[in-house]
Structure formats: structure tokens, C-alpha cells
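Quick note: residue numbers are just sequence positions, from 1. In this text the structure is predicted, and so the values were computed from the model without any measurement.
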Amino acid sequence: MPRTRLPVRRIEEYAPDPLPRGSWPATLAPVRQLLDDGLDLGPVTVFVGDNGVGKSTLVEALALAYGMGPEGGSTMSGHSTRPTESQLWEHLVLVREPGAPKSGFFLRAETMHGVFTFLEQHPGGPEPRFHERSHGESFLDFVISRSRWPGLWVLDEPESALSFSGCLALIGLLQSVVETGIGQVVLSTHSPVLAAFPGATIHEVGEWGLRRTAWQDLDVVRDQRAFLAAPERYLRHLG
């Protein structure tokens, strides 16, 4: 299978400027493990975990260290409306493969409306009319319009914008990016659909830190299978 030289082969702590382990976000176990041990990335890397465990903190720091805007967009876009990001990215070094592409895109479903407005105000060429589409349609349109650009794709919980069929469509688009050898994908999710990305290295994120996990062994997969088999067992305990 054709493969690009990886834009990011490994993430490590920047040794001359370590992040104090008692300060946030190093107090999160996955962040602390990344700082202590580093993390190798493959063509597709997926972080799966519940809300608040640190997966978005990890992908956000990767995107910022790579030169993308904290609220999404391409490298050097600089789009930001209300800074809330951690300073983790300032303490990271990204190990690249020689000759790898330097461009990339950071997609956050929660802030894409602002990114589309930024693109309208700073046009760099013909663009789809994102604001005239639904949230999910515009999200996929953005990927389609850039799917032939080489580089790093970082996505933070894209399922927030997408239906079941939309998640499948996104996998198909990104799989094409990887298989044609022009891109690398890193995404965070709590969707068992997106976690099933073919060929992905999956890291389950939680209070234990980061652990390599097969798709069928993920907590979210087991939980949703159990719920779909007998939803009444879960719903009767509500209220």
C-alpha cells in the first residue's frame, strides 16, 4: 500500500523545557504517560475514551505543536476566538520523517462554525458554501474539498457533527487519504464506528493512561453492544 513519509512519527517531551508533573495537564495520566514515555504514531492513530479523560487535550496539543489553529483549520491559519487550550504543546517535540509533508488540518466539530466564518472572511480560493449546508454536510464538504492535500489530519470527536452514515462516509474519505499515500490521520473519539477505522492503532484513554487495545476489547464497544441488546436494563435506572 502506498504510504507517505509520516508528518509525525513520534511525539516526545521537549527535554530542555519539561512540564512540571504537578501542573495541569500533566496531572492527567495519559498526558503524564506521553511526557514520560513518548508516543509513536502510525499512518492512522485513534484515541478512544470517555469525556474528560484527556484525549482531546492530547490531539489539541499535537495540532498546536504542528502549527495549526487551536479551534481548527490548516497550518498557519491562526484562527482563534476564545483561547482555552492548555500549554502542553509548548513542551512537546514532534519527530518527523525526512521529506514528509508539512501541511495539515485540525478539525473540531464544536468550533467548525467559527472556522467556516474565518474562511469566508479570508478566502484563499473557491470554497463550498459551508454555512448553507447542515453541520454534518459542511463537515464532510470540508474534508472532501481538501482530501487531495498531503499532510497531517487531526480530528477531535468528529462524530459530534455526524450521523451513523456520516461517520462511515468520513472513514471512507480519510481511508482514501491514507491509502493513496498522501496523509496521516490522528483522531480522538468515543464512537465505536470511528474507532473501527481499518488498520488503525487504537489507544484506549482513561485513568490508567494510554493502552493499546483491539477494537472488540474497547469499553465503548462492549457497553454499546450491551445497551443495544437490552436497552431497558439501562433506562430503568434513570430518573
Examine L58 and W208 and state if one hydrophobic cluster contains both, with Ile, Leu, Val, Met, Phe, Trp and Tyr joined whenever side-chain heavy atoms are less than 4.5 Å apart. no

Looking only at heavy atoms, what is the nearest atom pair of L162 and L170, with distance? CD1-CD2, 3.7 Å

For the NE2 atom of H203 and the OG1 atom of T213, what is their distance to the nearest 0.5 Å? 9.0 Å

For atom CZ of R148, is the number of surrounding heavy atoms from other residues, nucleotides or ligands below 6.0 Å larger than 12? no

Please report the C-alpha distance between E12 and R96 in whole Å, then the side-chain angles of each, then the deciding distance to 0.1 Å, and finally whether the salt bridge (charged side-chain N to carboxylate O under 4.0 Å, His left out) criterion is met. CA-CA 11 Å; E12 297 177 345; R96 299 168 47 80; over 6 Å; no

Can any side-chain N or O of R32 pair as donor or acceptor with the backbone N or O of A26 at less than 3.5 Å? yes

So OH of Y66 and CG of L94: to nearest 0.5 Å the spacing works out to 8.5 Å

About how many Å separate NZ of K55 and CD of E204, when rounded to the nearest 0.5 Å? 11.0 Å

Which heavy atom of P20 sits nearest a heavy atom of S23, and at what distance? O-OG, 2.8 Å

Are L140 and W149 connected into the same hydrophobic cluster when the rule is that any two of I, L, V, M, F, W, Y join if their side-chain heavy atoms are below 4.5 Å apart? yes

Hphob cluster co-occupancy, V95 + V59, side-chain heavy atoms under 4.5 angstrom: no

V205/R211 under side-chain contact (heavy atoms from CB on, under 4.5 Å): CA gap, chis, key distance, verdict: CA-CA 7 Å; V205 186; R211 63 188 179 201; over 6 Å; no

Can you tell me if R222 uses its side chain to pair, donor with acceptor, with the backbone of D217 under 3.5 Å? yes

Could you tell me if the side chain of T201 sits less than 4.5 Å from the side chain of R212, heavy atoms only? yes

Report the distance from atom CD1 of I202 to atom CH2 of W215, rounding to the nearest 0.5 Å. 9.0 Å

Distance, nearest 0.5 Å, that separates CG of L64 from OG of S86: 8.0 Å

Is the closest side-chain heavy-atom distance between L152 and M68 below 4.5 Å? yes

Crowding at CD, E90 (>12 non-hydrogen neighbours, <6.0 Å): yes

Using modelled atom types only, decide if a donor and an acceptor are shared between the side chain of E159 and the backbone of H190 within a distance under 3.5 Å. yes

A63 versus V154, closest heavy-atom pair with distance: CB-CG1, 4.3 Å

Side chains of S56 and E157: closer than 4.5 Å at any heavy-atom pair? yes

Are the side chain of Q224 and the backbone N or O of P192 linked by a donor-acceptor pair below 3.5 Å? no

Is there side-chain contact between V46 and T189, with at least one heavy-atom pair below 4.5 Å? yes

Pair L62, F106 - check side-chain contact (heavy atoms from CB on, under 4.5 Å), show working. CA-CA 10 Å; L62 168 60; F106 182 28; over 6 Å; no

Tell me whether R5 contacts the main-chain N or O of P98 through its side chain, where contact means a donor paired with an acceptor under 3.5 Å. yes

Distance-only, no hydrogens or angles: does the S103 side chain make a donor-acceptor pair with backbone N or O of P150 under 3.5 Å? yes

Flag side-chain contact, heavy atom, 4.5 Å: I11 against L34: yes

Looking only at heavy atoms, what is the nearest atom pair of G52 and L28, with distance? O-CD2, 4.5 Å

Nearest heavy atoms of V31 and P25, plus distance in Å: CB-O, 3.3 Å

Begin with the C-alpha distance, continue with both residues' side-chain angles, and end with the deciding distance and a verdict on ring-ring contact (aromatic ring centres under 6.0 Å, His included) for Y14 and H91. CA-CA 5 Å; Y14 182 56; H91 303 274; 8.7 Å; no

Are E60 and R108 packed together at the side-chain level, in the sense that at least one heavy-atom pair is separated by less than 4.5 angstrom? yes

Is T180 reaching over with its side chain to a backbone N or O of S176, donor-acceptor style, under 3.5 angstrom? yes

In this structure, would V186 and W89 fall into the same cluster of hydrophobic residues linked by side-chain contacts under 4.5 Å? no

Kindly give the heavy-atom pair with the smallest separation between E13 and L19, and that separation in Å. OE2-N, 2.8 Å

Can you find a pair of side-chain heavy atoms, one from P158 and one from L194, that are under 4.5 Å apart? yes

Report the distance from atom CG of L6 to atom CD of Q184, rounding to the nearest 0.5 Å. 4.5 Å

With heavy-atom distances below 4.5 Å as the criterion, would you say the side chains of V177 and I182 are in contact? yes

Do V44 and L174 land in one hydrophobic cluster if side-chain heavy atoms of ILVMFWY residues count as linked below 4.5 Å? yes

